[in-house]
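Note that these values count all heavy atoms, side chains included, but never hydrogens, waters or copies made by symmetry. Residue numbers begin at 1 in each chain, while the letters A, B, ... track the order of the sequences.
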Amino acid sequence: NAGVTQTPKFRVLKTGQSMTLLCAQDMNHEYMYWYRQDPGMGLRLIHYSVGEGTTAKGEVPDGYNVSRLKKQNFLLGLESAAPSQTSVYFCASMETSAREQYFGPGTRLTVT
Amino acid sequence: GENVEQHPSTLSVQEGDSAVIKCTYSDSASNYFPWYKQELGKRPQLIIDIRSNVGEKKDQRIAVTLNKTAKHFSLHITETQPEDSAVYFCAASVSGNFNKFYFGSGTKLNVKP
């Protein structure tokens with residue numbers, strides 16, 4: 001039981017490049033989330049999903065897109081990376097409403 | 001949307017002392033309040049949570065209190081140990097169909113041996 005995994009762990013992009021971050025969970029959780037973590041700002045919600053085939057915007061969705069084609073996977077895409085997207089990205093999953101969120105190990109992204 | 005404020009941003013205590021971290025929230029509909037601990041370079045992990053129908057919850061050295069009227073909740077750590085050193089985040093959520101979580105900005109706790 002791997003829990004929540006994220007791929008890749010580190011990535012350096014140049015401005016304008018695109019990439020996809022993959023989050024996978026093997027706990028059959030309905031809810032999945034993408035957060036970014038910046039120094040002094042806590043965790044901010046980018047997008048989230050309440051079930052397979054559904055996605056919704058969080059606090060800071062601009063510049064990101066997501067897809068949840070399979071229940072166990074939640075993809076975060078950056079179409080045209082900007083230096084302001086340099087951050088640590090965490091994925092999380094949750095079984096049902098108002099329960100513990102399980103976080104992945106994070107992806108450290110640097111955009112130059 | 002919800003706004004969660006957390007204080008202090010840093011807290012330094014002597015081993016064995018107590019530590020208190022406070023959070024306020026703005027949305028009266030919020031009804032679930034978890035606390036996460038994040039060690040350096042690691043992922044956040046839940047340490048305790050409380051729901052709006054409860055005023056206090058305790059788990060060994062950790063306790064959380066909730067004041068719905070004042071819209072604030074606090075984390076209390078007693079008999080602190082060096083391994084308690086980490087960043088602590090509070091969060092607020094409205095249970096239901098959407099379950100969006102709003103996090104505080106974090107408190108860096110340093111427990112000095």
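- Interface remark: Glu59(A) contributes side-chain atoms only to the contact with chain B (heavy atom separation under 4.5 Å).
- Remark: Ser93(B) OG to Gln101(A) CD distance equals 7.5 Å, nearest 0.5 Å.
- You'll find the ring centres of Phe103(B) and Tyr35(A) inside the 6.0 Å limit.
- Counting heavy-atom neighbours within 6.0 Å of Glu52(A) CD, excluding the residue itself, gives a total above 12.
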From CA spacing to verdict: side chain to side chain donor-acceptor pair (under 3.5 Å), Gln38(B), Gln37(A): CA-CA 12 Å; Gln38(B) 186 179 28; Gln37(A) 185 174 37; 2.8 Å; yes
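- Heavy atoms of other residues, nucleotides or ligands lying less than 6.0 angstrom from CZ of Arg108(A) number 12 at most.
- Within the 4.5 Å cutoff, the side chain of Asp49(B) has no heavy atoms near those of the Glu100(A) side chain.
- Hydrophobic clustering (ILVMFWY, side-chain heavy atoms < 4.5 Å, transitive): Leu75(B) and Leu46(B) are in distinct clusters.
- Residues Val4(A) and Arg43(B) share a closest heavy-atom pair of O-NH1, 3.6 Å.
- Both the backbone and the side chain of Leu43(A) come within less than 4.5 Å of a heavy atom of chain B.
- Tyr89(A) and Phe74(A) fall within the same hydrophobic cluster, defined by Ile, Leu, Val, Met, Phe, Trp and Tyr side-chain heavy atoms under 4.5 Å apart, directly or through other members.
- Judged by distance alone, with hydrogens and angles left aside, the side-chain atoms of Tyr102(A) form no donor-acceptor pair with the main-chain N or O of Gln45(B) at under 3.5 Å.
- From Phe101(B), atom CZ reaches atom CE of Met94(A) across 4.0 Å, with rounding to the nearest 0.5 Å.
- Taking a 6.0 Å sphere around NZ of Lys71(A), one finds it holds more than 12 heavy atoms contributed by other residues, nucleotides or ligands.
- Enclosure of atom CD in Gln81(B) by more than 12 non-hydrogen atoms of other residues, nucleotides or ligands within 6.0 angstrom is indicated.
- Using a 4.5 Å cut-off between side-chain heavy atoms of Ile, Leu, Val, Met, Phe, Trp and Tyr, with links allowed through other members, Tyr88(B) and Val64(B) fall into the same hydrophobic cluster.
- Both the backbone and the side chain of Pro44(B) have a heavy atom closer than 4.5 Å to some heavy atom of chain A.
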